[in-house]
Amino acid sequence: MTKINTSYNFDEIIDRTGTNAMNTDGFRQYIFNATSEMEFPFEDEEFIRMWIADMEFATPPEILDAVRERLDRRIMGYSQVFDPAYYEAVASWMERYYDWSFPKEHLETSGGIIPALYELVEYICKPDEKVLILTPSYGFFKSAADHNRLELVCSDMLNEQGHYTIDFDDFEAKARDEKVRVCIFCNPHNPSGRIWSAEELKRVGEICLNNEIWIISDEIHCDLLRTGKTHTPLAKLFPDTDRIITCMSPSKTFNMAGLMFSNVIIPNKALREIWQARHYGFKNPLSIAATQAAYEHGDEWLKQLKLYLDDNFAYVDDFLNTHLPLAVFHVPDATYLAWIDISPYAPKNVSLPLFFAEQAGVLLEDGGMFVANGEGCIRLNLACPRSVLKEGLSRISRVLVDQKMEQKQAKELPVHV
Ligand SMILES: Cc1ncc(COP(=O)(O)O)c(C/N=C2\CONC2=O)c1O
């Protein structure tokens, strides 16, 4: 069925209340480890939500149509991926976007990348072995080690005025620990938004493989690139090894994380057989249909989404230069996440997520939620209508400037004895 090009409305504000969304209903538990009774000076509907990484945009109609078509078959029985058209759709997408291919038998699926990380770490590591990550890091990389009761080894990235690079001396020193067995590598990187260069990817791969460390390359953000940027799957640079597992999914790209479906490309036969023996193989038939449709029909929506996000990032860059010039921010290569060092303005010794929730009515995440090496930073989800973005930034700026003024006045006022 040919799909006509259409323009998609990314400015539309969609009501998510009453949909069991983490974004609207899960923030007290996830950000503040609190119950639903936790109170704020704002009604829940008044919050500008810039925290969890799903989008405020409607999932593409092409994907929703595919889900409806599957619903119209009217039986939702136990399902797995049997139709070869699924692999064809995935393989075509990888060829078109990344000039990368892999044999069909390497492709497994999972009910999300987080569960895949938990399982792969368990299947790869012995109980006394360790998991290596770069920090700051997506928090669930640490959870994958914790869930398996394995020691986590963190290699802090270098941060030169907001430009993050890998400290290869530190990374290699930690990789030499003979108990380090797996590296969970984020490519593109959440939260910095870095796309790793071919040289950086080669150094990571060589260091790990030379030290008999498996690599789980989490590439969930790889479709969400700024215009002109390209992504290179790590495994593409190492065709002769079978120790790099690639995790990808359209869930981040097309706002369908709730469908819990991802691709896990496992070249190593022994590990794949363990996965096939131990992984719970049944999948949601609606998720299978949606994922296949994303890869078959998502191109135009993604093209327009990327342009909209480019403009959102340009707006943030301009806004910060104007209103918070001491903040350190660079438009990231990838993701829809803005990682901003606001330390020159931020109140000291307070929880920034709590500060912004209570003072500004903005829900966001801060460096403390990214394992380590994120001090003074906040992360904003920019996958929202521009009107929402503008309101969020305006509130953030206002409370930072106001409290900075209060601090200044407090210093200047005579001390009353
Ligand atoms: C690097 C990375 N891997 C895996 C996931 C989740 O994969 P899933 O289990 O949904 O397939 C996320 C989602 N990142 C999020 C989700 O909310 N905030 C974040 O930073 C991610 O950023």
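Reckoned from all heavy atoms, side chains included, excluding hydrogens, waters and symmetry mates. All ligand and atom numbering here is 1-based and tracks the order in the structure.
- Residue contact check: Gly112 has heavy atoms under 4.0 Å from atoms 9 (O), 11 (O) of ligand 1.
- Figure legend: cation-pi geometry between Arg243 and Trp214, with NZ or CZ positioned under 6.0 Å from the six-membered ring centre and within 45° of its axis.
- If you look at Ile220 next to ligand 1, the close heavy atoms, those under 4.0 Å, all belong to the side chain.
- With hydrogens and angles ignored, the 3.5 Å screen pairs a side-chain donor or acceptor of Ser287 with a backbone N or O of Leu259.
- Every atom of ligand 1 is numbered from 1 in the order shown, and the set under 4.0 Å from a heavy atom of Arg379 is 18 (N), 19 (C), 20 (O).
- Only the side chain of Asp218 comes within contact range of ligand 1, with a heavy atom under 4.0 Å; no backbone atom does.
- Listed by number with element, the atoms of ligand 1 under 4.0 Å from a non-hydrogen atom of Ile52 are 17 (O).
- When non-hydrogen atoms are compared, ligand 1 lies under 4.0 Å from the side chain of Cys186 (C-beta onward) but not from its backbone.
- Set against the non-hydrogen atoms of Ile113, the atoms of ligand 1 under 4.0 Å away are 4 (C), 7 (O), 8 (P), 9 (O), 11 (O).
- Scanning all protein heavy atoms for the shortest distance to atom 22 (O) of ligand 1 gives His221 NE2, 2.7 Å.
- Given atom 5 (C) of ligand 1, the protein heavy atom at minimum distance is Tyr138 CE2, 3.4 Å.
- The closest donor-acceptor contact from the side chain of Lys179 to the backbone of Asp128 lies at 3.5 Å or more, if one exists at all.
- Among the atoms of Glu365, none of the N or O lies under 3.5 angstrom from an N or O of ligand 1.
- If you check which protein heavy atom lies closest to atom 9 (O) of ligand 1, you get Ile114 N, 2.9 Å.
- Scanning the protein heavy atoms around atom 17 (O) of ligand 1, the nearest turns out to be Ala53 N, 2.9 Å.
- Checked against the 6.0 Å centroid criterion, the rings of Phe40 and Phe42 do not qualify as a close aromatic pair.
- The proximity of Lys252 to ligand 1, defined as any non-hydrogen pair under 4.0 Å, is limited to the side chain.
- Cation-pi geometry between Arg272 and Tyr123 is not met at under 6.0 angstrom from the ring centre and within 45 degrees of the axis.
- Using modelled atom types, one side-chain atom of Tyr336 and one backbone atom of Ala53 make a donor-acceptor pair closer than 3.5 Å.
- With His221 contributing its side chain and Ile195 its backbone, the two residues share no donor-acceptor pair below 3.5 Å.
- With Tyr164 as the aromatic partner, Arg194 does not meet the cation-pi criteria of under 6.0 angstrom to the ring centre and within 45 degrees of the ring axis.
- The backbone N or O of Met55 sits less than 3.5 Å from a side-chain atom of Asn255, completing a donor-acceptor pair.
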